Amino acid sequence: MDLDVPAGSFFGLLGPNGAGKTTTLSMSVGLLRPDHGTAVVLGHDVWSDPVQAKRLLGVMPDGVRVFDRLDGAELLAYTGMLRGMERAVVDQRAKELLDVLALADAGRTLVIDYSAGMKKKMALACALLHGPRVLVMDEPFEAVDPVSGSLIRDILQRYVLGGGTVIFSSHVMEVVERLCSHVAIMAEGRIRTVGTLAEITGGRELEDVFVEIVGGRTATGEELSWL
Amino acid sequence: MTGTFLRLKLRVLRNGFRGKPARIVMFCASIFLGLWFGGFGCIALVTAFYPDYPELAALIPPLGGALLMLGWIFGPLVWFGVDETLNPSRFALLPLPRATLVRGLLAAALLGVPAFATAFAASGLVIGAAIWHGPVTALVTLAGVVLGVLTCVTVSRSVTSAFSNLLGSRRVRDLAAIGLALLAALLGPLQLFGISAAQHADYRQLEGFAGVIGWTPLGAPWTIGVEASRGQWGFALLKIVIAVAFLLLLFRWWMATIETAMIGTVSEGGTRRTGSPSAPVARLFGRLAWFPANRDGAMAVREARYWWRDTRRRASLLTFSVIGIFLPIVMNLGRTGFSFPDGETIGTGPLPQTLTLIGVGVLGGLGVANQFGFDGSAYAVHLITGVPGKVEMRSRVLGYSVYIVPMLLIISVAVTALAGEYAELPMRLGMLLGSYGVGLGVCLLVSVFGAYSLPETSNPFAVNTGAGMTKSLFALGALVSAVALTAPLAIGAVLVPGLWVWLSLPLGLAYGAAAIWLGVIIGGDAIDRRGPELLAAIMPRD
């Protein structure tokens, strides 16, 4: 597959379960070594020039834990120090992020005891802390309540307006339709279609386009009659 | 219903092997080892009934059986881990009566290499009884052996289940530490007795001891056949009653602990702590603020926090602290406080003492042998950030040593104080720290090249199917090679004992530091090259 994410775009990677979204994103941020091929972030190859590339990236993986036996503030402080940031900057940004994401109330609760939505917000905070140029997120809106979801959307939109690039995977069509400037639909490990949102939908509902490209439902209503 | 559990276990085992040749090799190796030890035990137990040597029947079944059972109790806690293929909490939502669940879990636990090896070994008793004492005695012996094997499996399950409950709850973790210490303290006198008995071969004394053991639940099931072979049918019946009663008690205890484990996984309140809203970085460093406030310092601090906050790591720390304190003390008691009527003392001489110190030091390093497995998928954070391998390794050494080095200091002071030879303190310090460094250096390499995933459960002793063998092999390999690498220290202590009192500390420190440095360099380089592969190895997929 060959995928080009334009700088400054809000890019949605769509696909059914098992399409290879997580695999693709993992390989592009250096978590999974590809058999062949490259991933380039703003001119820096992730696999041959990892230090520069990883400095520009903010990553929010799905199904991957953070160091969750720290509390929220500790985890952010740790992430900041890990990124080699100044102590004062870490303190200030961490507090701000905790306040904005409504995580400050959790106090000294360990992240492992957070609810699923809080964990997502925490992971977002960790990815944003060092002010990356590119944000790669795997399923950022899964298990997030509507209030937190809209908060995350606002933050991401502001981030893109400020010149950042966001690429995220999802299978929630409404979110993609509302947020994204660019969309790629993949299935069975291949990119099926890619372009700006307007190009791909052509005025139709994104869900209809998606089902048509990926292959539609087969249930006719005869099954599950015992329900 | 029990059959369903057995089939489930077999299915899970088989699926675990799919596409994992290394696992199959490990499994075959464990079968081979099981056959080896089982066969050896079987032959030993057959000869126990040889009529020409009646004293064998008085000694081997109770002592061997009790040792076996002790192995089943302590083995999983300190060494193998527990195969949690069928994790009780996964059945929490099914409408199963507890008795059915426990029966099924027991049956599934019996279906494993250790249980088969034990049964194989114990079958020697039945064979011996059948050869020399006729079918009726053999049948009674068989009943005893079945009871014994069931007790072994049940006791190991219930003990680990109880311990995981204790360690899983943050409130009673101190209690758990004390409990573990007490259990190990029980081992101390037994070990002393074993050493003295082995050295003196005083069969009268040993026979009395074996007789007592034979009446405890540890030895009762194994000696039922012996009583029967002597025609003491009343005693045999009494021992059957003891064994059955103990087994039933264990069942009740296990059921209770399973209940707690099943509920305990759902929620655990009381962690919502409120503290002064100090700055995040200051909060992260906390009492460890003497580490530099930069990336390396933060990583070491995080590692140190994890050694206490992660129950699995805490379990390994506590286990080491108990072994590390008791082993040298037990070996040293033989020198000052435990002498025999004929004036002979045990455990004297520089070599056993030196070896004990080296063993403890190397064991101290063993904790990091699967340090990445403890992190699981969280290690991805370091990979995303692009942490250099050497920094990774160095910070882990520092974070772990925050606990172990003070512990080693305490051990050497305590042992010296017990022995009363304060001039030998630098010697002990040098040996302990030097061998700790070597153990750490070796285990750093093992942690990169032999990393394996741990299941995400509340049980700190849980390992994946077949991983118990992997864990043991890697640990054993690391131990053996580390002990071999400390040979210069041991040789120095034996060749020039007088001089060594002073040379040991500087030489030991230098030697240990060099070993750690090598481990950091080589291991760090390996991490730089194969970070994603390491992550894939420790991802808890199954």
Side-chain angles (χ1 to χ4, degrees), chain A residues 26-27 29-34 46-47 50-55 57-61 63-95 97-98 104-110 112-113 123 126-127 130 136, chain B residues 170 267-286 291-299 301-303 305-311 313 374-388 391 395 456 528-533 535-536 539-541:
Chain A
S26 297
M27 288 196 289
V29 298
L31 285 180
L32 187 66
R33 198 187 299 279
V46 174
W47 292 99
V51 178
Q52 277 305 317
K54 286 174 180 176
R55 189 166 294 161
L57 278 173
V59 185
M60 177 176 161
V64 165
R65 290 159 56 162
V66 286
F67 284 102
D68 49 15
R69 281 181 180 82
L70 304 173
D71 68 37
E74 284 173 351
L75 178 59
L76 280 178
Y78 179 61
T79 312
M81 298 313 255
L82 207 56
R83 291 279 185 185
M85 294 160 64
E86 287 296 320
R87 180 178 184 152
V89 180
V90 174
D91 275 341
Q92 185 235 331
R93 286 194 189 172
K95 276 192 167 161
L97 277 170
L98 286 175
D105 299 340
R108 309 218 63 179
T109 310
L110 299 186
I112 195 171
D113 296 327
C126 287
H130 65 293
V136 181
Chain B
R170 295 190 189 115
S267 88
E268 186 191 285
T271 61
R272 185 172 283 263
R273 299 170 293 169
T274 45
S276 56
S278 53
V281 175
R283 202 193 280 187
L284 171 69
F285 280 78
F291 274 104
N294 55 24
R295 178 185 63 185
D296 299 16
M299 286 177 70
V301 168
R302 201 272 312 161
E303 191 70 9
R305 290 246 178 291
Y306 259 59
W307 275 104
W308 192 248
R309 286 189 188 170
D310 184 345
T311 40
R313 296 195 188 208
F374 288 133
D375 284 350
S377 53
Y379 174 65
V381 173
H382 286 185
L383 210 52
I384 288 167
T385 327
V387 176
V391 175
S395 65
E456 282 180 347
D528 285 338
R529 276 184 289 110
R530 47 192 304 268
E533 286 73 19
L535 179 66
M539 278 287 238
R541 277 219 181 74

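Being a predicted model, the structure only gives us computed values, none of them experimental. Throughout, protein chains are lettered first and strands after them, A, B, ... in sequence-line order, and every chain is numbered starting at 1. When reading the values below, keep in mind they use all heavy atoms of this one structure, side chains included, and skip hydrogens, waters and symmetry mates.
- Inter-residue side-chain proximity for A:Pro34 and A:Met27 is flagged as met; some heavy-atom pair is nearer than 4.5 Å.
- Under the 3.5 Å distance criterion, the side-chain polar atoms of A:Arg83 are left unmatched by any main-chain donor or acceptor of A:His130.
- Every residue was checked against the salt bridge (charged side-chain N to carboxylate O under 4.0 Å, His left out) condition with A:Asp91, not counting sequence neighbours, and none meets it.
- Heavy atoms of A:Leu76 lying under 4.5 Å from chain B are absent altogether.
- In terms of the salt bridge (charged side-chain N to carboxylate O under 4.0 Å, His left out) criterion, residue partners of B:Glu533 (sequence neighbours excluded) are, by chain and number, A:Arg33.
- Residue A:Leu57 does not touch chain B at all, counting heavy-atom pairs closer than 4.5 Å.
- No other option in A:Val59, A:Leu31, A:Val29, A:Val66 has as many heavy-atom pairs under 4.5 Å with chain B as A:Leu31.
- Among the candidates B:Leu383, B:Leu535, B:Thr385, B:Val381, the residue making the largest number of heavy-atom pairs closer than 4.5 Å to chain A is B:Thr385.
- Your options are B:Asp375, B:Asp296, B:Val387, and the one with the most heavy-atom pairs under 4.5 Å with chain A is B:Asp375.
- Ionic pairing of A:Arg108 and A:Glu74 is present here: one or more N-O contacts between side-chain nitrogen and carboxylate oxygen are shorter than 4.0 angstrom.
- Within the 4.5 angstrom heavy-atom criterion, only side-chain atoms of A:Pro61, from C-beta onward, approach chain B.
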